[in-house]
Amino acid sequence: MNNKVLLLYTGGTIGMVQDGNGSLKPFPMEHIYDLVPELRKCPYQIDTCQLDNIIDSSNMTPSFWVDIAEIIERKYDEYDGFVILHGTDTMAYTASALSFMFKNLSKPIILTGSQLPMGVLRTDGRENIICALELASCREAFIPEVGLFFENHLYRGNRSTKVSAENFDAFCSFNFPSLAKAGINFSFKPHLFLPKGTEPLEVRKCFDRNIAVLKLFPGITPEVVNAILNAENLHGVIIETFGSGNAPTEKWFIDAMYNALKRGITVLNVTQCKAGSVVMCQYEASCEMNRIGIIGGNDITLEAAVTKMMYLLGSYPNNPEYVRKGLQLSMRGEMTVPC
Ligand code: ASP
């Protein structure tokens with residue numbers, strides 16, 4: 001029997017065509033064969049569906065992540081793999097969120113998008129869709145994780161980051177190699193894949209949106225830091241620090257962090273650098289943060305850090321110790337934990 005893939009459109013440039021006046025509008029997914037006739041040659045069955053609300057991915061929220069996850073959960077046994085067409089702007093966030101939501105995954109979920117709309121001559125969307133479908137349907141490779149395919153590379157979803165608003169190679173995974181590369185043939189790196197889930201699939205759908213990202217810069221004032229840390233209902237903060245996780249050592253800054261921690265706010269230290277890792281205590285400038293209980297995020301991306309914190313706080317609202325532990329572990333291959 002042929003493999004079956006479900007193609008889910010959520011919105012974004014990839015699903016757009018120009019109308020008579022030249023403005024971009026979404027096209028109905030069931031007409032995908034008209035736009036990409038090559039898909040008729042695929043030796044697997046492709047079924048299509050779309051979210052009730054097609055969105056520009058700048059409007060993405062956790063409730064859309066839940067909608068996407070529920071569609072996949074409902075159809076999980078029917079299909080061999082899933083492809084999600086998504087706007088590029090927040091695709092790395094959705095890929096990360098889905099990676100945490102699906103525990104014991106045993107089938108591929110591949111997100112892709114494009115820089116140019118499908119209806120445009122030089123579109124990169126055609127290639128991206130065809131490759132993502134190949135990967136999601138491919139029995140030999142069998143990638144049991146949430147991946148993001150863009151411009152010839154399959155990245156682990158929760159390791160990817162959008163890096164260009166211009167180039168076709170718009171995504172990168174700075175701290176983890178790509179899982180596969182498309183050339184004349186696909187070359188896979190199966191030794192990097194996450195282990196296939198052998199237990200029944202579990203899908204967790206609670207996210208806590210009461211978090212903040214505090215990006216440090218030289219000269220940041222106590223007023224700004226305190227305004228963020230004292231936001232109503234705040235449960236977690238990600239501080240984007242300098243280099244290998246360094247921050248001001250001034251007393252007002254450490255006191256502000258200490259008071260937030262004392263109020264039960266979880267604080268995670270993530271570096272502003274695209275590549276490399278937080279190493280708490282490598283410099284004096286991170287020792288105090290370590291001493292007061294700020295967690296080091298190692299080489300996690302901001303996208304994975306945001307979604308992981310929302311996921312852990314939402315799933316275990318009464319278990320701060322578990323949230324703390326989860327943030328220090330690699331749950332779905334999202335960070336490198338030094339031995
Ligand atoms: N603004 C669009 C989106 O993220 C851009 C894209 O699709 O690439 O939905």
Side-chain angles (χ1 to χ4, degrees), residues 6-19 21-29 31-32 35-36 39 48-69 71-72 82-99 101 109-133 135-136 146-173 178 182 207 209 213 274 301-307 310:
L6 184 68
L7 180 65
L8 165 63
Y9 179 48
T10 65
T13 302
I14 192 160
M16 305 262 174
V17 284
Q18 274 164 329
D19 66 13
N21 305 320
S23 28
L24 289 171
K25 61 168 185 36
F27 72 90
M29 252 312 121
H31 297 162
I32 181 95
L35 266 178
V36 196
L39 289 180
T48 58
C49 66
Q50 56 188 52
L51 289 184
D52 293 339
N53 282 333
I54 296 301
I55 54 164
D56 184 291
S57 79
S58 340
N59 288 315
M60 190 48 72
T61 61
S63 76
F64 286 105
W65 297 336
V66 173
D67 291 344
I68 296 170
I71 292 174
I72 295 176
F82 301 85
V83 171
I84 302 172
L85 302 183
H86 196 288
T88 54
D89 291 348
T90 63
M91 186 153 59
Y93 286 91
T94 300
S96 301
L98 292 173
S99 77
M101 295 172 88
I109 300 177
I110 315 283
L111 290 95
T112 194
S114 67
Q115 292 285 64
L116 280 175
M118 282 299 280
V120 166
L121 190 61
R122 288 177 57 243
T123 184
D124 50 331
R126 194 173 298 117
E127 205 58 38
N128 285 345
I129 291 193
I130 294 172
C131 288
L133 285 165
L135 290 166
V146 178
L148 187 154
F149 184 85
F150 220 87
E151 185 68 4
N152 295 329
H153 288 277
L154 176 68
Y155 303 108
R156 174 164 296 156
N158 58 31
R159 292 286 196 156
S160 61
T161 301
K162 183 172 178 182
V163 290
S164 177
E166 165 66 23
N167 298 339
F168 285 139
D169 51 348
F171 285 83
C172 265
S173 166
S178 59
F207 288 92
R209 293 172 64 163
V213 177
K274 288 292 171 212
T301 60
L302 180 67
E303 293 88 333
V306 164
T307 52
M310 283 183 172

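FYI, side chains are in, hydrogens and waters are out, and symmetry mates aren't considered; it's all heavy atoms of this structure. Read the numbers this way: they start at 1 and go in the same order the structure lists the ligands and their atoms.
- The protein residues lying under 4.0 angstrom from ligand 1, judged by non-hydrogen atoms, are G12, T13, D56, S57, G87, T88, D89, S114.
- W65 is listed as a side-chain neighbour of M310, based on a closest heavy-atom distance under 4.5 Å.
- The aromatic rings of Y9 and F27 sit parallel to each other, their planes meeting at less than 30°, with 60° as the upper class boundary.
- Of all heavy-atom pairs spanning S164 and Q115, the tightest one is O-NE2, 3.2 Å.
- Screening L111, T94, L85, I68 for a side chain to side chain contact (heavy atoms under 4.5 Å, CB included) involving T10 leaves a single residue, I68.
- Remark: S173 OG to Y155 OH distance equals 7.5 Å, nearest 0.5 Å.
- Annotation for D169 and V163: closest pair O-CG2, 4.3 Å, computed over non-hydrogen atoms.
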